[in-house]
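Accompanying notes for the structure given below.
Remember, it's 1-based here, ligands and their atoms both numbered in the order they're listed. Since this is a predicted model, take the numbers as computed values, not measurements.
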Amino acid sequence: MAADPVLQIEGMSVVYDSTQGPLTALTKLDLEIGKGEFVAVLGPSGCGKSTLLRVISGLLPISAGTARISGEPIKGPRKDVGIVFQQPTLLPWRTVRDNVLVPIRAQRLPIQNYLAEADRLLELVGLGKFASHLPRELSGGMQQRAGIARGLIHDPAVLLMDEPFAALDALTRERMTDELQAIWMATRKTVLFITHSIPEAVFLADKVVVLSGRPGTKVLELPIPLERPRTLKTMASPEFGALANQLREMFSTLAAG
Ligand code: ADP
Ligand code: MG
């Protein structure tokens, strides 16, 4: 058990009412994330990863089991969750700063109380000079960094990231992974990070959770005891290779099964 659990999921199943009848997306899932922990979730396409994030943000009801944030059952849309999507989804007519403030507007909180925090976060994600720019003036990686600042603006209990770097080119993606580590080390947020990439998961996470193909359930939970900050040297180390291999082997078992 995590020392100070922020997210607790026990025996959770999620069934969609699809046009083809009931579709079980997740089944008997157990997952616990402690305060300040960075957890990566790996799983084949369609195994219910986005479904899991929808449940945690309170947008989708569960069909069985329990799901709690800070001890409270998740019942409806939650304000204490931040989300970073695969696409930056910035409003094109708003400045970068205003985009970061979108969750504040949505929650009808007083904007002026968050202006300094928006600028602090933009500084943190390396966009200090771009606060007054429009999204189209930013590269894909920069837009995604603005998305991370937006996810953090209301100081959520948990930050959910759904394959946030999947739409970026390979080089930008590597750089962003490194930057996300720096951002996380500076904020120590509780993070649930979804990815398709084994090296990305091992590089970033304290713990990697592997889900089986649909219906998704946890088939492996692998602690990543590598020192931080992790660097290119870490990635070249035998320890890193052994952890990545363990995950690869799990995937080949899943594919064969
Ligand atoms: P992942 O993010 O792991 O690729 P999803 O969570 O998006 O997977 O979807 C899990 C399964 O649930 C898929 O088989 C998908 O087709 C199905 N699904 C997702 N959303 C809905 C929905 N609104 N209605 C019915 N089925 C859905
Ligand atoms: Mg998905």
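- Polar contact check, Gly48 against ligand 1: a nitrogen or oxygen pair lies under 3.5 Å apart.
- Counting only heavy atoms, the protein gets under 4.0 Å from atom 23 (N) of ligand 1.
- In terms of protein heavy atoms, atom 14 (O) of ligand 1 is closest to Arg214 NH1, 2.9 Å.
- Contact check on Lys218 versus Glu221 returns a salt bridge, with a Lys/Arg side-chain nitrogen under 4.0 Å from an Asp/Glu carboxylate oxygen.
- With ligand atoms numbered from 1 in the order given, ligand 1 contributes 25 (C) to contacts under 4.0 Å with heavy atoms of Ser18.
- An N or O contact shorter than 3.5 Å links Ser50 to ligand 1 by distance.
- Checking Thr195 against Glu163 by side-chain atom types alone, no donor-acceptor pair falls below 3.5 Å.
- For atom 17 (C) of ligand 1, the closest non-hydrogen atom on the protein side is Leu23 CD2, 3.8 Å.
- Protein heavy atom nearest atom 10 (C) of ligand 1, with residue, atom name and distance: Gly46 O, 3.4 Å.
- Using a 4.0 Å cut-off between a side-chain N of Lys or Arg and a carboxylate O of Asp or Glu, Asp206 and Arg228 qualify as a salt bridge.
- Looking only at atom types and distance, the side chain of Thr24 has no donor-acceptor partner in the side chain of Tyr16 under 3.5 Å away.
- Counting heavy atoms from C-beta outward, Tyr114 and Val100 have side chains that stay 4.5 Å or more apart.
- Closest protein heavy atom to atom 27 (C) of ligand 1: Tyr16 CD1, 3.4 Å.
- Donor-acceptor pairing under 3.5 Å is recorded for the side chains of Thr89 and Arg150.
- Residue, atom and distance of the protein heavy atom nearest to atom 3 (O) of ligand 1 are Lys49 N, 2.8 Å.
- Closest to atom 5 (P) of ligand 1, if we only count protein heavy atoms, is Thr51 OG1, 3.6 Å.
- The closest side-chain heavy-atom distance from Pro135 to Leu91 is not below 4.5 Å.
- Salt-bridge annotation for Asp119 and Arg97: present, with a side-chain N of the basic residue lying under 4.0 Å from a carboxylate O of the acidic one.
- When distances to the Mg ion (ligand 2) are checked against a cut-off of 2.8 Å, Ser50 contributes an N, O or S atom below that limit.
- Counting atoms of ligand 1 from 1 in the listed order, those under 4.0 Å from a heavy atom of Ser45 are 4 (O).
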